[in-house]
Amino acid sequence: MKSRITSNNPLVAASTIRARFAQAMSSMYRFEVPLYGTLVDMVQQINQRELDNHPELHHDLENTDSIQRISDERHGAIRLGKAEELFNMRRLFAVMGMFPVGYYDLTEAGIPVHSTAFRPVQLDQLNANPFRVFTSLLRLDLIPDQALRTRATELLGQRQIFTSGVLKLIETFEQQQGLYSDQVDHFIAEALETFRWHHHATVDLETYQLFLNSHRLIADIVCFHGPHINHLTPRTLNIDSAQQQMQSVGMQPKAIIEGPPRRSHPILLRQTSFRALDEEILFKSGDGEMQPGSHSARFGEIEQRGMALTPKGRKLYDQLLNEVRAAVPDSINHAAAYRTQLETSFQRFPDELDQIRRQGLAYFNYQIDISYQTDEFNDLSALIDQRIIQAYPITYEDFLPISAAGIFNSNLDQREAQSFSASPNQQAFERDLGCAVINEFDEYARIQQQSLQACLRQLGLDQAAQTLLIHQLESAEL
Ligand code: OOG
Ligand code: NI
């Protein structure tokens, strides 16, 4: 490797680039969408109050090294138009140590895209800065109108969403296996350009409306210079409080919070958003003048993250949520009934950590308290019961397709959501991306196993005893 690493000119850590980029994105968005700033300030206050009022929460977050990350924690979302954009977006995010995790098919919800989330994967990387970007790719193959499809393909073919500067720096990164400090400054400024809002459309109003009538999302993707970041979501420690406060300052949140109900031990992800803003846009016009109009794409969202579920836990979650959705299909107009049904159905999901762990429903980060003495080393449950090994739930770092569809649709202003037949096509997505997506469950399982191995090493167990206890964990005989 022809790296030039020296002690006084080291390559900058990916987590540093990521944190700086997330910060730059947040400043840009605060300036572009002042309501986002209001939301961030509100969440900050709520989080501080939550930590002050719940010392045990504070303690747990501290013990899993995750308290620092929360105030800076954001996810954003972008929508891309063509394969080459997705391919280069993967290379761009790799510079910041963000990799594609998960495949989300949104066609089932009437949205012609499929998606992944770019995010860091190792626990230390997540704790350093967990910035994630939900990234969707338009599926033109699902648009029935041949003429519109051709026009969309032409428009997308003409655009270049990356600056030449950023493309060069990505290449430099790939050759050097990193970037030096001056290159990082340059990279952040150039990369930010791709995510900026554009007040000028690339088409005339008539063309825009044709796409809009086909599907609002297609207009949002096809008629602009680039994939403007459409929201940046802070993480709250109490979403119910935030939802109430949003209402009281006139933000008009969604009627329901997406995801599971409120619980003593939060699972997965709960999200709410306020409606997209209507923003002035200048459209092209035949006589060289610009024609004023508007477009709405950018909205505000907040989320509360709970524990990551195992495939078994996720299956139970999906089953209960489907039951709720079947019982109250129109949650927008029957919010109270939906909430009641959600509470009722989810009573069947255990809400005690010990039960959740013993039933193998969630992933845990094991930490050892070596001030305790024991010689009972052959039973993981006993070690946990004696609190020699503590089990902290691992935070869910991903997204939920039904929630994402709810967020998309609440901002599309089209109640009569179009129906596309469900047609997941992970293979085509991965071909366009240029690699396979990472399986989220594998990542949580690895974090869990590594944490347990570290505990067992600290207890001084020999290999055979370690293997036995790890086997107990894997077979969920807890
Ligand atoms: C993405 C919507 C999904 C989430 O948090 O689930 C999302 C979009 O509207 O582009 O961000
Ligand atoms: Ni979101």
Side-chain angles (χ1 to χ4, degrees), residues 22 25-26 29 33 35-36 39-40 43 73-81 85-86 89 93 98 100-119 130-139 161 194-195 197 215-224 226-236 239 242-243 246 253-254 256-260 268-277 279 295-306 317-318 321 395-414 417-418 429 440:
M25 180 91 103
S26 184
Y29 202 62
V33 182
L35 261 185
Y36 161 72
L39 206 57
V40 166
V43 164
E73 184 157 348
R74 302 282 186 277
H75 86 247
I78 52 170
R79 303 155 180 176
L80 304 173
E85 293 174 354
L86 182 66
M89 198 54 86
F93 282 129
M98 294 160 73
V101 181
Y103 173 77
Y104 304 91
D105 167 40
L106 292 164
T107 54
E108 210 162 339
I111 304 161
V113 302
H114 47 184
S115 321
T116 189
F118 288 97
R119 67 165 177 87
F131 185 51
R132 4 174 143 66
V133 179
F134 191 90
T135 303
S136 302
L137 178 65
L138 178 61
R139 294 189 58 186
I161 64 168
T194 300
F195 301 89
W197 182 254
H215 197 293
R216 180 171 280 271
L217 199 73
I218 304 175
D220 182 53
I221 298 173
V222 168
C223 303
F224 295 89
H228 36 247
I229 181 102
N230 64 43
H231 65 287
L232 210 49
T233 301
R235 174 170 166 196
T236 178
I239 199 167
Q243 172 96 344
M246 276 166 85
K254 275 171 59 62
I256 58 150
I257 294 177
E258 300 285 350
L268 297 174
L269 177 63
R270 300 179 70 207
Q271 299 176 309
T272 186
S273 60
F274 68 74
R275 280 184 59 86
L277 312 164
E279 303 186 73
H295 176 61
S296 69
R298 300 195 292 182
F299 60 96
E301 184 191 49
I302 52 173
E303 66 186 11
Q304 179 169 2
R305 290 192 171 262
Y317 170 81
D318 285 338
L321 190 68
T395 302
Y396 188 58
E397 307 286 353
D398 295 288
F399 293 86
L400 298 169
I402 292 176
S403 299
I407 300 280
F408 264 110
N409 277 328
S410 68
N411 288 294
L412 291 176
D413 203 21
Q414 65 182 52
Q418 251 162 304
F429 187 82
E440 63 179 68

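Remember, it's 1-based here, ligands and their atoms both numbered in the order they're listed. Throughout, numbering of the chain's residues begins at 1 and tracks the sequence.
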Undergrad: Side chains of Arg298 and Tyr36: does their closest heavy-atom pair fall under 4.5 Å?
TA: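 They are not in side-chain contact.
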Undergrad: Could you verify whether a donor N or O on one side chain and an acceptor N or O on the other, from Thr272 and Gln243, lie under 3.5 Å apart?
TA: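 Yes, a side-chain donor-acceptor pair sits under 3.5 Å.
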Undergrad: Heavy-atom distances under 4.0 Å are what count here, so tell me which part of Glu301 touches ligand 1: side chain, backbone, both or neither.
TA: side chain
Undergrad: Do Arg305 and Phe399 form a cation-pi contact, if we require the NZ or CZ to be under 6.0 Å from the six-membered ring centre and within 45 degrees of the ring's axis?
TA: yes
Undergrad: Would you call Glu73 and Pro234 a side-chain contact if the rule is heavy atoms closer than 4.5 Å?
TA: no
Undergrad: Residue-level breakdown please: for Ala77 versus ligand 1, do any non-hydrogen atoms fall below 4.0 Å on the side chain, on the backbone, on both, or on neither?
TA: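 The part of Ala77 near ligand 1 is the side chain, not the backbone.
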Undergrad: Do Leu80 and Ile221 touch side chain to side chain, with heavy atoms closer than 4.5 Å?
TA: no
Undergrad: In the structure I gave you, are the side-chain heavy atoms of Gln271 and Leu400 within less than 4.5 Å of one another anywhere?
TA: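 Side chain of Gln271 against side chain of Leu400, heavy atoms only: no contact under 4.5 Å found.
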Undergrad: Starting from atom 5 (O) of ligand 1, find the nearest protein heavy-atom neighbour and note its residue, name and distance.
TA: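 Ranked first by proximity to atom 5 (O) of ligand 1 is Gln271 NE2, 2.8 Å.
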Undergrad: Looking only at protein heavy atoms, which one is nearest to atom 9 (O) of ligand 1, and what is the separation?
TA: Arg79 NH2, 2.7 Å
Undergrad: What I'd like to find out is whether the side chain of Arg79 reaches to under 4.5 Å of the side chain of Leu138, using heavy atoms alone.
TA: no
Undergrad: Against ligand 1, does Glu303 come closer than 4.0 Å with any heavy atom?
TA: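 Outside the 4.0 Å threshold, so no.
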Undergrad: Would you please classify the geometry between the Trp197 ring and the His228 ring as parallel, tilted or perpendicular, with 30° and 60° separating the classes?
TA: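 His228 and Trp197: tilted rings.
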Undergrad: Can you list the protein N, O or S atoms less than 2.8 Å from the Ni ion (ligand 2)?
TA: His75 NE2, His231 NE2, Glu301 OE1
Undergrad: Has His231 got any heavy atom lying under 4.0 angstrom from an atom of ligand 1?
TA: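 Right, His231 reaches ligand 1.
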Undergrad: Mind checking whether Phe429 and His114 have parallel, tilted or perpendicular rings, split at 30° and 60°?
TA: perpendicular
Undergrad: When you look for heavy atoms under 4.0 Å from ligand 1, do you find them on the side chain of Ile78, its backbone, both, or neither?
TA: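 Answer for Ile78: neither.
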Undergrad: Quick one: are His215 and Pro112 in side-chain contact, heavy atoms under 4.5 Å?
TA: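 Side-chain contact under 4.5 Å: yes.
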Undergrad: Identify, for atom 3 (C) of ligand 1, the protein heavy atom at the shortest distance, and state residue, atom and that distance.
TA: Ala404 CB, 3.7 Å
